[in-house]
Every structure is written in structure tokens, then in C-alpha cells.
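Please read these numbers as outputs of a predicted model, since none were measured by experiment. Lettering follows sequence order; numbering is per chain, from 1.
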Amino acid sequence: MALVTNSIKGTLDTLPSSSYKLQYIESAVKEIAENYGFYEIRTPVFEHTELFNRSVGETTDVVQKEMYTFTDKGGRSITLRPEGTAGAVRSFLEHGLFNEPLPQKVFYLTSCYRNEKPQAGRLREFHQFGVESFGAATPAADAEIIALANEVFNYLGVNNLSIEINSIGCPTCRAEYHKALKEYFAEHKSELCDTCLSRFDRNPMRILDCKSPVCSEIAEKAPVITDFLCEDCNEHFELVKKYLNGMDIDFSVNPQIVRGLDYYTRTVFEFVSNEIGAQGTVCGGGRYDGLIEELGGKPLPACGFAMGIERLMLLMEAQKSEFPERKKCDLFIASMGENANIKAAAIANDLRNEGISVQFDTASRSVKAQMKFANKIGAAYTMVIGDSELENGIIKIKNMADGIEKEINLSNFTDEFQSEIIRQAMSEFESLGLNDIDISNILGGLS
RNA sequence: GUGGAUGUAGCUUAGUUGGUUAAAGCGCCAGUUUGUGGCACUGGAGAUCGUGGGUUCGAAUCCCAUCUUCCACCCCA
């Protein structure tokens, strides 16, 4: 193995036959984000390892066993970003964006890296669309980002997603809750699975997440975080729900939702699907009021989410969502003979400059083979140029959908206007969609 | 990191109890008389049967290892 022709485990190539689908998702997501007032931030793929240790949390699985960390030639410990929030916060602080009007709302669309065992919906290099709202304290901000995520799915025609929200409180009320949880699970310690036993000390809230039937049955009767929220946290959570109701966004409160990154406080939420296998969380996020301070800034509330592009793609494939068609060739120019070949290239060049998708033969094939090729690439129109066409200037343009041909005479026109004649001829075929090209004023200038 | 399954031409697969030049369909390329595609026909290229060992006179077929992919655990997007 280890041949140069093998990609790295857990990575994906996106080929021309499907890249247009990703482009569609990306442009949709960008447009929606900007409608919500979020603008793009781009940060490096790698950062100081310490940044992730501090933000994501030393005890998390992500930091402990999933990061791609290496030492660079200067002896610094560098890590490929496992998520997008840390870099965004770092950049926010480094460039003093807290001095700009708050809240600062940013989005990113980038690759992330986690050294996990790949499976459906989980890759080692994957892509996230995420937003962050810095300096936004109110429940309205939480609701706004949930609405944004919801809008993305709606726009892309994804359905059957459930929005699950929870509040994990602030450090103060969470401490109370931890105590109560530990007391409860202590009574059932003998029944818990091995992993949950280890979680008992490390992070008892994660036991709530366990999928083993025994543990989840025990967890069902466990104390619920929402009963332990302090007054402020409770009010915040209630208001988030009111805002969501106000926007007609369906959600359910799920006390089991516990995020695996340390920086979350108060609101947490997930968009979950059961159609793409075990990794059903397509989008996850929440509030992280302590993170900016943790990374050395002044205390500033914030919230955000991240959406897995590959999971979204999986979901869209599973639901057979519609994608706009890939851009196809408008005109293929078949030619034979050196002079005609050169003429074909010249015409193609003119038309391309006008924004029309044109291709010509670069494999020196027979006219028949060129026509076959034109058919395969889905060219809407073709024309053939040979000796006789060069001589009398009369060229046939063929509509590939119905085979109807149309003659045009280019002999009385300069090179510069020949391409306009061709364009007009193409637009006169009403069956295919080039009619919207308006060339009337250019042609008007001819006569 | 743990467990289960998988791996034959670009793709989808066939390969019988281990036995001569590893099949097929699709795709690709080229032809089917004069310079025009979609149909049909003909021909061609293309596989060291994931990789490395081993058993055997002989292995795509058996054994071991390793890698990949897939599925689940774990964790997360």
C-alpha cells in the first residue's frame, strides 16, 4: 500500500461529477448567513495546540485523542483545527474586533481535522459551516442562530429534522446539578457500563448521553438539569423557547443533550436526523459565555453553531433533494482541417468572452467523433466548420435536442460580429434556454 | 482505540470441490465508404484478482499478517 495513488484514510475526493452540488450548498449557506448579518471570517487551518487545549477543553476526547498535532521546525506545537470556534475567537481577540460594533457576527466554511475512525458521516477531514455571534448576551441571539440553521435546511429542502434544545446552565448552577447527578448515579454504580463508570468522575453529564439500554434507562430517571438552573439561566432558557415559538420554529426540549466540548454554557442544541446512520447530528451548537475570557479577553458572551457539510450532503442524498443542474456546454464547434480548427478556436474565444460556454475539438478527432463527444457532454448546440464553410461563410447551427439545423451566413461580417450572429442564431431556437441573452442592441448597431 | 463485514478492469458484478492465456454488462477508444450525435452492429484498449508472506506440483479461490472501505461502539459536525 502507501502508493502515491491512495488518498489518506478518512479523506474524500470530490469529483467534477458532484462538486457542483457542494458549490450549491456553499453558495446557499453564504447567502443565508449574510441575510442574517453574518459575514465570513477565514482563519488558518492550523493554530497553536494550546488554543484548542484551552478552548475545547483538556479533558475532552477531541483534545485527548483526536487532534492532528505536530511539532514544527521551530519546536512549536501545532494542531490542525478540529473545529472552527477556537480559531474564530482567537482572531476576534487578536484583531480587537470587540472594539467594532457588537455583536460581531461571523461565519466560516472550512475544513476540520479529527483523527477518528471513519464511518458514515464521520471523516478525518470534514467541512463545517459555522456561525459565531460575539458579544450577544440575550436569548434573542440564541434563537437567531437556531433560526439561521433552520433556514439553511429549509432552503435546501431538507426535512424530517428534529431540533432538540437544552440548557446546561452556568458554572454555578451546573455545579449543583453535578452534585445531584453524582448522588443519583452513585446508587446505580454497579449497573452502569464501563465507559459510564469512567464518565462518573470525569463528566457525569455524559452518562445521560449513553446509548446502552441499561444506562439510558437509569438516565431517564436521573435528575434533570432544568430543575437545577439558577434564576438567570432559567429565565434565559424560557425566553429562548419563547423566541423560537415566536418564529414558528418547532423544537423539543431534550434534557439528554449534552455537548462534548467544554466551552458550552446555558443553551445547547442539535439538529438531528435518523436517516443517515449513527452520526445523525447534522448541526450542533450553543452558547459559550465563558470562552472569550478563558482565552484572555474581557468577559463577553457569545454563541454559535457548526454544521457538518458532509452530513448535510448525506442527508440531501438520502432525501433525494434537488440540486440545480451543473453548467453545461452551450455550443460545441466541430472542425476539420487546420484553418478551420484555428477558426473554431477563434470563434470559441469570442463567444466565451461573452459569457457563453463553448467547447471545440482538442483531440483531433473525426467530425463524427466530435459530434459524439458533443452529445456526451450535453452540448445544446453544435456547428461544423470545414473547408466549404470557410470558403462561403455559410455555417449550420444544430440544435442537439431535436436535430434541427439553421443556416447562418457569416461571410459579410467581420470576425468581431460573426460571434454575434452565432449567438443570435442560437437564441432563436426557442426550445433551449439561451433566449434570455439580449443582443438586440449589439445587432442594432450593425445595420 | 474496540468489535463485525468487505476488497476481482473506470463502474457494477461472475468466477463452480484450488488446475492451462481471469469472464460479462456499462463506460472508454475506433470502425460500420464519402464531413454530423443520440439507436444498432463489429473490433480494441484496460485487472500483476488490495498488499506482503505462507501452504501446494499449481491459488482470485486455503492460512497468517497488513492496509483500505463499510457498519457499529466511543465521540462529535
Side-chain angles (χ1 to χ4, degrees), chain A residues 1-3 5-12 15 17 56 60-67 81-85 109-130 149 193-196 198-199 203 206 209-212 257-261 264 268-273 276-285 304-315 332-337 340 361 363 365-389 395-403 405:
Chain A
M1 253 337 196
L3 288 175
T5 49
N6 285 98
S7 66
I8 287 174
K9 178 177 180 161
T11 64
L12 226 51
L15 305 179
S17 55
V56 176
T60 58
D61 278 16
V62 170
V63 166
Q64 285 194 335
K65 44 192 196 195
E66 294 170 6
M67 297 207 298
R81 64 169 160 238
E83 55 98 56
T85 300
L109 192 48
T110 51
S111 56
C112 297
Y113 303 84
R114 302 221 289 232
N115 195 349
E116 299 184 271
K117 195 149 176 176
Q119 73 182 71
R122 196 172 70 188
L123 294 160
R124 290 186 170 177
E125 180 186 62
F126 61 103
H127 299 263
Q128 286 189 341
F129 162 66
C193 72
D194 288 347
T195 41
C196 281
S198 74
R199 290 193 272 223
N203 189 352
R206 291 227 61 91
D209 230 8
C210 187
K211 273 124 196 158
S212 104
I257 297 274
V258 176
R259 315 250 65 229
L261 307 182
Y264 286 111
V268 290
F269 61 87
E270 292 184 0
F271 285 65
V272 185
S273 164
I276 52 171
Q279 310 300 322
T281 301
V282 196
C283 175
F305 70 71
M307 193 181 287
I309 298 296
E310 286 81 1
R311 286 184 190 177
L312 172 59
M313 191 69 181
L314 238 42
L315 192 52
F332 184 90
I333 307 174
S335 62
M336 52 182 322
D361 177 58
R365 285 192 271 219
S366 68
V367 168
K368 189 186 181 93
Q370 291 183 52
M371 291 300 290
K372 271 190 173 179
F373 180 77
N375 186 55
K376 276 180 225 165
I377 63 173
Y381 302 92
T382 53
M383 51 187 246
V384 179
I385 306 179
D387 289 340
S388 61
E389 285 81 2
I395 297 184
K396 281 181 189 157
I397 292 186
K398 182 174 189 174
N399 182 337
M400 293 295 272
D402 52 22
E405 289 186 310

Same-atom distance (C1') from B/rA22 to B/rG54, integer angstrom: 23 Å

Rounded distance in Å - CZ (A/Arg124) to P (B/rG1): 8 Å

A/Glu66 and A/Asp61, any side-chain heavy atoms less than 4.5 Å apart: yes

Pairing string, 5' to 3', for RNA chain B - Watson-Crick or wobble contacts under 3.5 Å, brackets [ ] where pairs cross, | to another strand: (((((.(..((((.....[...)))).(((((.......))))).....(((((..]....)))))).)))))....

Spacing of the C1' atoms in B/rC62 and B/rC26 (rounded, Å): 33 Å

Nearest-Å distance once atom P is located in both B/rA72 and B/rG25: 36 Å

Phosphate-side-chain proximity, A/Gln119 and B/rC70, N/O vs OP1/OP2 below 4.0 Å: no

Of A/Arg124, A/Glu125, A/Gln128, the residue whose pairing with A/Cys112 passes side chain to side chain contact (heavy atoms under 4.5 Å, CB included): A/Gln128

Whole-Å gap separating P (B/rU2) and CZ (A/Arg122): 14 Å

Nearest heavy-atom neighbours spanning A/Thr382 and A/Met371: OG1-CE, 3.6 Å

Pairwise P distance, B/rU8 and B/rU51 [rounded to whole Å]: 10 Å

Short side-chain to backbone donor-acceptor contact, A/Glu389 and A/Ile395, under 3.5 Å: no

Backbone of A/Gly10 reached by a side-chain donor or acceptor of A/Arg122 within 3.5 Å: no

Separation of atom CD1 in A/Ile276 from atom C1' in B/rC70, rounded to whole Å: 16 Å

A/Gln370 (side chain) donor-acceptor with A/Ser335 (main chain) under 3.5 angstrom: yes

Sugar-phosphate, base or nothing in reach of A/Leu123, heavy atoms under 4.0 Å: base

Integer angstrom distance from the C1' of B/rG27 to that of B/rA65: 36 Å

Sugar-phosphate, base or nothing in reach of A/Gly121, heavy atoms under 4.0 Å: base

Side-chain donor or acceptor of A/Glu310 paired with backbone N/O of A/His127 under 3.5 Å: yes

Whichever of A/Lys65 and A/Glu270 has its nearest RNA chain B nucleotide further upstream toward 5': A/Lys65

Integer-rounded Å distance: B/rA77 C1' and A/Phe129 CZ: 13 Å

Sugar-phosphate, base or nothing in reach of A/Ala120, heavy atoms under 4.0 Å: sugar-phosphate

Touch class at under 4.0 angstrom, heavy-atom based, for A/Glu66 against every strand present: sugar-phosphate

Base-contact (B) and sugar-phosphate-only (S) positions in nucleotides 25-38 of chain B, heavy-atom cut-off under 4.0 Å, - elsewhere: ---SSS-B--BBBB

Interatomic distance where CD belongs to A/Gln279 and C1' belongs to B/rC70 [whole Å]: 13 Å

Side chain proximity check, A/Ile309 to A/Phe129, heavy atoms < 4.5 angstrom: yes

Interatomic distance where CD belongs to A/Glu125 and P belongs to B/rU69 [whole Å]: 13 Å

Whole-Å C1' distance, B/rC29 and B/rG58: 37 Å

Sugar-phosphate only, base, or nothing, as touched by A/Gly10 at under 4.0 Å among non-hydrogen atoms: sugar-phosphate

Side-chain touch A/Val56/A/Glu83, heavy atoms, less than 4.5 angstrom: yes

Shortest non-hydrogen contact from A/Arg311 toward A/Thr281: NH1-O, 2.8 Å

Separation between the P atoms of B/rG1 and B/rU66, rounded to whole Å: 12 Å

Whole-Å gap separating P (B/rG3) and CD (A/Glu116): 18 Å

Interatomic distance, A/Lys9 NZ vs B/rU68 C1' [rounded to whole Å]: 8 Å

B/rU12 and B/rU56, which share atom name P, separated by this distance in whole Å: 37 Å

